[in-house]
**Q** 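Sharing a structure here in structure tokens format.
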Amino acid sequence: LFLSFCMASNLRALLSSHSSPEILHLFGPFLETSNSGTDTLPLAITDLGFPVGDTDDVLCADATDLPALTYDALLHRLNSDPALSSSVTYRHRSSRTDAGVPVLNPKATILRSVVHKGRRYTDASHNVGDSQVLFTCSSPNRPSTYGRIQSIFVHRRYSSVGVVRRQVFAAVARFSPLSDVDARSDPYRRYVGLGAHLVYADLAATIEVIPVQDIISHFVSCPYE
């Protein structure tokens, strides 16, 4: 079972990288169901990352202020990623300058879990296993990395005149990479096709906010001594 899980995760990461042969993408739907234990996906997801059929009233219920670190990370991601900001630049809620620039909404609805590509993801406080993810990085020099979900939330933001966009994000803390000295002792790095490497068990102090679509898969971690 463990071998099957690892093979499926590596294939899913390969398909998400867009560097695989075109013919492999034809088998994507079969891959998504072959290791899920069921013949059908448990819940359909829209391109925004939340279950089909949820209404604005449900998604906006119990909206609360985002923690400061999460809010700052969300602001940074939106302002540095044109694909998310739609050419809109946001300012911090505490900023008193640039009155013509929209303030990024500081409130969001916290979710206990979300189903993405047929798999359930949660924050670490609810299920550590379901919170450990391989995800696409925003930096081009590192296509993907490992992290642990700290929170999942639905956020609403101004997109253009009369348009408000809602989207599901995950606040993720990366696992700290090995130092150059320790990396030389990592036995997995010699096998590039394995798609695995050692990281420190400590999480980075900073939070990174990513769209749920950037999550590639869960990953299995094992202690190494």
Side-chain angles (χ1 to χ4, degrees), residues 1-25 27-28 30-32 34-37 69-70 72-74 76-77 80-81 83 113-114 116-152 169-225:
L1 180 61
F2 176 75
L3 179 61
S4 176
F5 178 89
C6 292
M7 291 174 63
S9 293
N10 286 339
L11 279 173
R12 196 171 295 109
L14 179 63
L15 290 174
S16 298
S17 69
H18 305 295
S19 61
S20 57
E22 186 65 29
I23 191 171
L24 287 183
H25 290 269
F27 297 93
F30 299 100
L31 175 63
E32 292 299 334
S34 61
N35 284 273
S36 64
L69 289 179
T70 303
D72 291 345
L74 175 62
H76 172 75
R77 179 59 190 267
S80 61
D81 190 340
S113 65
V114 68
H116 172 54
K117 292 186 177 179
R119 281 157 183 81
R120 179 175 178 265
Y121 297 92
T122 70
D123 62 66
S125 67
H126 288 99
N127 188 305
V128 174
D130 285 343
S131 71
Q132 298 198 150
V133 293
L134 176 68
F135 64 96
T136 302
C137 298
S138 54
S139 55
N141 60 335
R142 177 174 290 188
S144 62
T145 192
Y146 303 110
R148 181 177 291 164
I149 297 174
Q150 306 302 298
S151 65
I152 303 172
F169 291 93
V172 181
R174 296 190 186 195
F175 284 92
S176 301
L178 298 184
S179 66
D180 292 339
V181 174
D182 287 342
R184 290 197 288 267
S185 302
D186 183 354
Y188 300 102
R189 292 176 190 261
R190 291 178 291 175
Y191 308 100
V192 178
L194 188 61
H197 60 266
L198 294 180
V199 293
Y200 294 124
D202 298 330
L203 295 171
T206 57
I207 293 294
E208 183 171 349
V209 170
I210 63 172
V212 165
Q213 301 98 305
D214 284 0
I215 295 177
I216 299 171
S217 68
H218 295 105
F219 76 89
V220 175
S221 62
C222 302
Y224 178 83
E225 297 181 0

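Every heavy atom of this structure was used, including side-chain atoms; hydrogens, water molecules and symmetry mates were not.
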**Q** Could you state the interatomic distance from NE2 (His126) to CD1 (Ile152), rounded to the nearest 0.5 Å?
**A**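 Taking NE2 in His126 and CD1 in Ile152, the distance rounds to 9.5 Å.
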**Q** A side-chain contact here means heavy atoms from C-beta on lying under 4.5 Å apart; do Gln132 and Val128 qualify?
**A**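 They are in side-chain contact.
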**Q** Could you give the distance from OG1 (Thr136) to CD (Gln213), rounded to the nearest 0.5 Å?
**A**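 Interatomic distance, Thr136 OG1 to Gln213 CD, rounded to 0.5 Å: 10.5 Å.
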**Q** Looking at Ser113 and Thr122, what are the two nearest heavy atoms and their distance?
**A** CB-CG2, 3.6 Å
**Q** Identify the two heavy atoms, one from Ile215 and one from Phe135, that lie closest to each other, and give their separation to 0.1 Å.
**A**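 Closest approach of Ile215 to Phe135, heavy atoms only: CA-CB, 4.1 Å.
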**Q** Report, one line per pair, each donor and acceptor closer than 3.5 Å where one atom sits in a side chain of residues 200-212; sequence neighbours left out.
**A**
from   : atom 1 : to     : atom 2 : distance (Å)
Tyr200 : OH     : Ser179 : N      : 3.2
Tyr200 : OH     : Ser179 : OG     : 3.4
Tyr200 : OH     : Asp182 : OD2    : 2.4
Glu208 : OE1    : Arg174 : NE     : 2.7
Glu208 : OE1    : Arg174 : NH2    : 3.0
Glu208 : OE2    : Arg174 : NH2    : 3.3

**Q** If you look at every heavy atom in His197 and Tyr188, which pair is closest and at what distance?
**A**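 Heavy atoms only, the tightest pair is CA-CB, 3.9 Å.
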**Q** Give me the atom names and distance for the closest heavy-atom approach of Arg189 to Leu198.
**A** NH2-O, 3.5 Å
**Q** What are the two closest non-hydrogen atoms of Asp123 and Ser131, and how far apart are they?
**A**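 Heavy atoms only, the tightest pair is C-CB, 3.7 Å.
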**Q** Do you know the tightest heavy-atom contact between Ile149 and Tyr121?
**A** CD1-CB, 4.1 Å
**Q** Rounded to the nearest 0.5 Å, what separates atom CZ in Arg119 from atom CG in Asp130?
**A** 11.5 Å
